[in-house]
Amino acid sequence: MLWVLDLSLWLLNVLIPARHERGIFQGHNGQNGCVKSTPTVHISKVPDYFDTTIGWYAGPTETGSAPWLAQTNAAPFIGVSYIPNTPLETQMPIPGNTHNRNIFQRLANLSPYFPNPRGFGVNEYPVPPGSNVTWLNMVHRHGSRYPEISGRATERTLGKKIMDAMGKFQASGALQFLNTWKFMLGAEILVPIGKQELFNSGTLHYYHYGHLFPNNGSKIIARSTTQRRMLESAEYFLAGFFGLGWTQNATLELVIESDDFNNTMAGYKLCNNSNWQTAYDAAFEWANVYLADAHGRIRGMLSGDLDWTLEDTYNAQALCAYETVGLGFSHWCGLFTYEEWEGFEYSLDIAFTASVGFHSPVGRAIGIGYVQEVLARMQHHVITSPSAAINLTLDNNTSTFPTSQTLNLDFSHDANIISILTAFGLTQFNKFLPLTHIVDRDFVLSYLEPFAGRLDIEVIQAPAPVSATRSPDASVYLQGPPTSYVHFILNQRTIPLGKSLDECGERDDGWCEMEVFLAAQKKQIELADFEHACFGEYEGGKYGDVEDGRPVR
């Protein structure tokens, strides 16, 4: 039977051309002994936006160092009962944490995913018997990632500063770890827990919405952007929803994410105006308040040639978040009190409401294109006229923008999703956040957009109007015709639409009649004032001047 094996191997060598990548036994000149490999050219048989192998506009993709026993097995800690390992070590004793709260749910948009524990001011109610969820539009943030290279790249700057000064300073006390610390983080791509977050979310969404997949041999269109962390987030989610053979059930459409390209899942890329500097200044003004004591403590633990600034103290908190998700554990986390972690969260609340939320002149504009796409999907039509950051080439074609799909899955970024909430007119998140002290608020970024945060928009069809008062003693249904409702769920908790959109009325369940919702959103599109907000000339003003997510006229 050996001749059969020999013949098979010969046929494989003849019929399958050598790959163009260098083999493990090849030299640098592409040779394998005396035989040169045959280069092949990748020829795509699908349009670019359906080709997930090209790698165009992938963004930075630097991989970090591999961790070892969650950074030398630092837990369990003295005085803390043993807790078996999970992917991340979050058994960190925090000074002042008298109620044993979890600081890893106080890291704002850098928090590993967790369901919103508090809700948004309304009770959760089941779909009544006889009703059904008939349509879903999900927009999902990517999973936990390494820090960014783009923008200020502050965490990487701090890491380089420390590494360049090694041997020139001495750290003591709780900071003693810095004497042998190494910067081991990659850049921008998903870390392992980020992949798990998306797979878990896909599995959860299957249990909730698997009935919306037609399962008739057709494929749905799912959308993401070309950045690598975005592509992989979509792939892991789809694997969780459908299984590893998800390509038989879904086609993944990649929309270019780069400056000057229309892309509603990264709407800020086509908005010339920005409020990030104002946001940064406001957040850092607050940092001067809440970090004064921490900065003094850290400087007191350093001697030698390392000029440690207040900004370094702030970025050390961010390193806690990134090392935790990237390496499994971070010594930086234990340097700060629970109150200082609350201050860190609040600083990012300020930064995001001022940059892309209701206190930004471009807050509504960045998200309004995506809102228009949701409304078009709800009403089963393509988009035929240029508007906001909409890619008209894709959205005017049912092959790339299906109009009858009941399961719509999109993948986006934290800043973009905050702008989407703003563009929908959810004014319960517009409270002004002072720079002198923390206030009670609905805009808590840890609850709105942790890593892998997601907004699910359901359409619920009921056989009759559903009572706005869900009293256990009253009938769920009222007299009347079949009625459809819109239901917003952010990180597994209902956003009460009537709290922001007066037309929806006060309802115990937070729903809104679909026709009423569509009418209310026409006004929100006008309020966004996209052209003026993104391309007009105006004075942005200082933090607090803008209150409605659009320029002050």
Side-chain angles (χ1 to χ4, degrees), residues 52-68 70-71 87-88 104 107-113 140-166 178 181-198 224-236 254 256-259 261 263 265-266 268-269 276 280 311-312 314-333 344 348 351-352 355 411-417 449-453:
T52 60
T53 65
I54 297 176
W56 295 346
Y57 302 99
T61 57
E62 182 179 335
T63 301
S65 301
W68 177 70
Q71 295 306 89
L88 303 181
F104 300 95
L107 301 179
N109 61 312
L110 305 184
S111 299
Y113 180 75
H140 205 300
R141 188 190 176 195
H142 58 75
S144 297
R145 57 162 173 79
Y146 289 119
E148 293 181 329
I149 286 179
S150 55
R152 294 178 181 272
T154 51
E155 300 84 16
R156 308 185 70 81
T157 301
L158 176 57
K160 184 177 186 305
K161 176 178 180 177
I162 295 170
M163 296 303 293
D164 288 347
M166 278 296 178
L178 200 59
W181 180 83
K182 293 181 180 179
F183 184 80
M184 299 172 61
L185 300 175
E188 307 214 359
I189 58 175
L190 294 182
V191 296
I193 193 68
K195 301 169 186 178
Q196 182 184 12
E197 288 166 342
L198 267 294
S224 189
T225 83
T226 51
Q227 281 197 351
R228 181 171 158 186
R229 68 178 179 268
M230 298 301 305
L231 164 62
E232 291 187 352
S233 291
E235 290 176 327
Y236 278 102
L254 298 185
I256 292 174
E257 180 174 348
S258 188
D259 292 341
F261 281 88
N263 186 343
M265 292 170 289
Y268 40 78
K269 292 290 186 179
W276 278 109
Y280 173 81
E311 189 171 16
D312 294 333
Y314 182 76
N315 293 328
Q317 289 190 284
L319 277 178
C320 157
Y322 282 120
E323 283 193 336
T324 297
V325 297
L327 302 172
F329 172 81
S330 176
H331 285 284
W332 295 105
C333 303
F344 178 75
L348 288 165
F352 272 72
S355 59
F411 298 86
S412 184
H413 296 271
D414 50 2
N416 205 65
I417 296 176
E449 277 307 308
F451 282 127

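Along the sequence shown, residues are numbered consecutively beginning with 1.
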Would you find a donor on one side and an acceptor on the other, under 3.5 Å apart, between the side chain of N416 and the backbone of S412?
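No, N416 side chain to S412 backbone: no donor-acceptor pair under 3.5 Å.
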Run the side chain to side chain contact (heavy atoms under 4.5 Å, CB included) check on F104 and T324 step by step: do they pass?
CA-CA 9 Å; F104 300 95; T324 297; 3.5 Å; yes
Where [X] and [Y] come nearest, the two heavy atoms and their spacing:
{"X": "W181", "Y": "E323", "answer": "NE1-OE2, 2.9 Å"}
{"X": "P112", "Y": "E197", "answer": "CA-OE2, 3.5 Å"}
{"X": "S330", "Y": "C320", "answer": "OG-CA, 3.5 Å"}
{"X": "P147", "Y": "G186", "answer": "CD-O, 3.8 Å"}
{"X": "A351", "Y": "W276", "answer": "O-CZ3, 4.5 Å"}
{"X": "Y146", "Y": "A187", "answer": "CB-N, 3.5 Å"}

Side chains of [X] and [Y], heavy atoms from C-beta outward: is any pair under 4.5 Å?
{"X": "P450", "Y": "N109", "answer": "no"}
{"X": "Q317", "Y": "F344", "answer": "yes"}
{"X": "F352", "Y": "E449", "answer": "no"}
{"X": "E257", "Y": "K269", "answer": "yes"}
{"X": "L231", "Y": "R228", "answer": "no"}
{"X": "R145", "Y": "V191", "answer": "no"}
{"X": "H140", "Y": "M265", "answer": "no"}
{"X": "T225", "Y": "L254", "answer": "no"}

Check against side chain to side chain contact (heavy atoms under 4.5 Å, CB included), Y314 and T154
CA-CA 10 Å; Y314 182 76; T154 51; over 6 Å; no
What distance separates [X] [atom1] from [Y] [atom2], expressed to the nearest 0.5 Å?
{"X": "L88", "Y": "Q196", "atom1": "CG", "atom2": "CD", "result": "8.5 Å"}
{"X": "Q227", "Y": "N263", "atom1": "CD", "atom2": "CG", "result": "9.5 Å"}
{"X": "L190", "Y": "L198", "atom1": "CG", "atom2": "CG", "result": "6.5 Å"}
{"X": "E155", "Y": "I149", "atom1": "CD", "atom2": "CD1", "result": "12.0 Å"}

Let me see the working for R152 and E311 under salt bridge (Lys or Arg N to Asp or Glu O under 4.0 Å), right down to the final yes or no.
CA-CA 12 Å; R152 294 178 181 272; E311 189 171 16; 5.1 Å; no
So for atom OH, which belongs to Y236, do other residues, nucleotides or ligands contribute more than 12 heavy atoms lying within a distance under 6.0 Å?
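It does not: Y236 OH has 12 such atoms or fewer within range.
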Can you list everything that forms a salt bridge (Lys or Arg N to Asp or Glu O under 4.0 Å) with K195? Sequence neighbours excluded, please.
none
Holding to salt bridge (Lys or Arg N to Asp or Glu O under 4.0 Å), I want the full list of residues that pass it with E235, two or more places apart in sequence or in another chain.
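Testing E235 for salt bridge (Lys or Arg N to Asp or Glu O under 4.0 Å), a comparison that skips the adjacent residues, returns none.
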When the ring planes of F451 and H142 are compared, do they come out parallel, tilted or perpendicular, using 30° and 60° as the limits?
tilted
Side chain to side chain contact (heavy atoms under 4.5 Å, CB included) for L185 and L319? Distances and angles first, verdict last.
CA-CA 9 Å; L185 300 175; L319 277 178; 4.1 Å; yes
Within 45° of the axis and under 6.0 Å from the centre of the six-membered ring of F183, does NZ or CZ of R156 qualify?
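Geometry flag: not set, cation outside 6.0 Å or 45°.
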Suppose we call two aromatic rings close when their centres sit under 6.0 Å apart. Are F411 and H413 close by that rule?
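Between F411 and H413, the centre distance exceeds or equals 6.0 Å.
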